[in-house]
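First the structure, in the form of structure tokens, and then the observations on it.
All of these numbers come straight from a predicted model, not from anything done at the bench. Positions are given from 1 along the sequence. Just follow the structure's listing: the first ligand is 1, and inside any ligand the first atom is 1.
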Amino acid sequence: TDPGEFLGELAGEEVDDLFRSGRRRRWPCGATLFSEGDQSTTVVFVLSGRAKVFSLTAHGGEVLLAIRGPGALLGEMSALDGAPRSASVAALEPLETLVVPVSSFLKFLQDHPAAAMRIVRMIVARLRDSDRKRVEFGTYDTLGRVALRLVELAERFGATGSEGVQITVPLSQDELAAWTGSSRESVTKALRTLRRHGVITTQRRSVSVIDLNLLRARAR
Ligand code: CMP
């Protein structure tokens, strides 16, 4: 299950309340929903499509923090603490969203304590995830980190077919590199090694995991 999945856990009446306080908005592929450092006025619920959360380094590089899919709540951090946006968010695919003003969102949480509790759990899940990634960065080599991210993508977004588990996420090798904290060259090398061992095959912007157990073993 996606730790960022928020909408799917809400009761029908809660969802109705949210939709009443927001408006639907479509974003084309590549559109920027939030820019890091901006003051926040809205939160955004993803109804369909996927978005990337990223931060820019001092050298202009991009660090990919997360990929968020349908049901995700985005923008809750600055809505809750009033600080500027912690990261930027851009559409990896055309997105359908519900945009809710911060004031309505905070009122919604007061009216629905169970929903507020879910946000607490979501943030705890993210903290665990980020602790785990910090340990991974110190423990695993690039091959292990690439394998870990592919296992995560396969479990969250994979479609099982005759060719194993197909992951179609519009991520470039640069983005995969930024996500695993590695250089593009070492990611290319890691993918080549996994291909050579028959664990994956790669197509343009998609990866087929032929043997998920082998991939899991490599990620351990
Ligand atoms: P906010 O800080 O308002 O704007 C950027 C949003 O990106 C943030 O709220 C969260 O919704 C999301 N975000 C930031 N960091 C992460 C992360 N590590 N994992 C998932 N989502 C994140």
Side-chain angles (χ1 to χ4, degrees), residues 1-10 18 21-23 25 27 29-58 61-93 95-109 112 115-138 145 148-153 155-157 169-171 175-182:
T1 58
D2 190 339
E5 230 270 18
F6 178 72
L7 269 187
E9 286 193 32
L10 294 184
L18 264 185
S21 60
R23 68 191 163 81
R25 177 164 176 188
W27 308 77
C29 180
T32 301
L33 283 72
F34 302 149
S35 298
E36 184 174 350
D38 280 2
Q39 221 42 57
S40 98
T41 53
T42 57
V43 296
V44 171
F45 295 90
V46 179
L47 305 176
S48 71
R50 286 172 291 192
K52 64 173 177 176
V53 179
F54 63 100
S55 196
L56 294 178
T57 67
E62 217 178 76
V63 178
L64 189 65
L65 296 172
I67 298 175
R68 312 289 300 276
L73 163 60
L74 292 164
E76 78 294 350
M77 290 172 67
S78 48
L80 290 170
D81 71 2
R85 297 282 187 210
S86 62
S88 299
V89 177
L92 283 172
E93 301 162 327
L95 293 181
E96 275 192 301
T97 66
L98 178 75
V99 180
V100 176
V102 166
S103 53
S104 317
F105 175 65
L106 295 176
K107 167 97 174 40
F108 169 81
L109 294 182
H112 302 283
M117 199 57 211
R118 284 194 194 106
I119 295 206
V120 172
R121 276 204 297 273
M122 190 179 100
I123 293 172
V124 170
R126 201 183 296 159
L127 183 59
R128 281 182 191 272
D129 184 65
S130 129
D131 283 350
R132 194 168 40 75
K133 285 204 174 87
R134 185 125 60 102
V135 173
E136 279 168 19
F137 273 46
R145 297 206 296 265
L148 276 166
R149 291 288 78 76
L150 290 178
V151 169
E152 180 187 335
L153 289 174
E155 287 170 349
R156 284 174 62 198
F157 301 120
V169 179
L171 278 187
E175 285 167 326
L176 193 57
W179 202 13
T180 53
S182 334

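Here A66 has side-chain heavy atoms under 4.0 Å from ligand 1, and that is the only part of it that gets that close. Residue contacts with ligand 1, taken as heavy atom pairs separated by less than 4.0 Å, involve R126 solely via side-chain atoms from C-beta onward.
Annotation: atom 5 (C) of ligand 1 to nearest protein heavy atom, A87 O, 3.4 Å. If you check which protein heavy atom lies closest to atom 21 (N) of ligand 1, you get R68 NH1, 2.9 Å. Closest protein heavy atom to atom 11 (O) of ligand 1: E76 OE1, 2.7 Å. Residue, atom and distance of the protein heavy atom nearest to atom 3 (O) of ligand 1 are S78 OG, 2.4 Å.
Residues P70 and G49 come closest through the heavy atom pair CD-O, 3.4 Å. Counting all heavy atoms, side chain and backbone alike, S21 lies closest to V100 at OG-CG1, 3.8 Å.
Evaluation of the salt bridge (Lys or Arg N to Asp or Glu O under 4.0 Å) rule for R23 yields no partner, not counting sequence neighbours.
Taking each of M122, M77, K52, R85 in turn, the one with a heavy atom nearest to atom 8 (C) of ligand 1 proves to be M77. Residue S86 holds the heavy atom nearest to atom 14 (C) of ligand 1 of all those in S55, A125, S88, S86. Comparing heavy-atom distances from atom 12 (C) of ligand 1 across V43, D38, V53 singles out V53 as nearest.
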When you look at W179 and L153, which way does the side-chain contact (heavy atoms from CB on, under 4.5 Å) test go after all the steps? CA-CA 12 Å; W179 202 13; L153 289 174; 3.8 Å; yes
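Using cut-offs of 30° and 60° for the angle between ring planes, the F105 and F108 rings count as parallel.
Annotation: salt bridge (charged side-chain N to carboxylate O under 4.0 Å, His left out) contacts involving residues 76-89, sequence neighbours excluded, comprise E76-R126.
Polar contact check, G75 against ligand 1: a nitrogen or oxygen pair lies under 3.5 Å apart.
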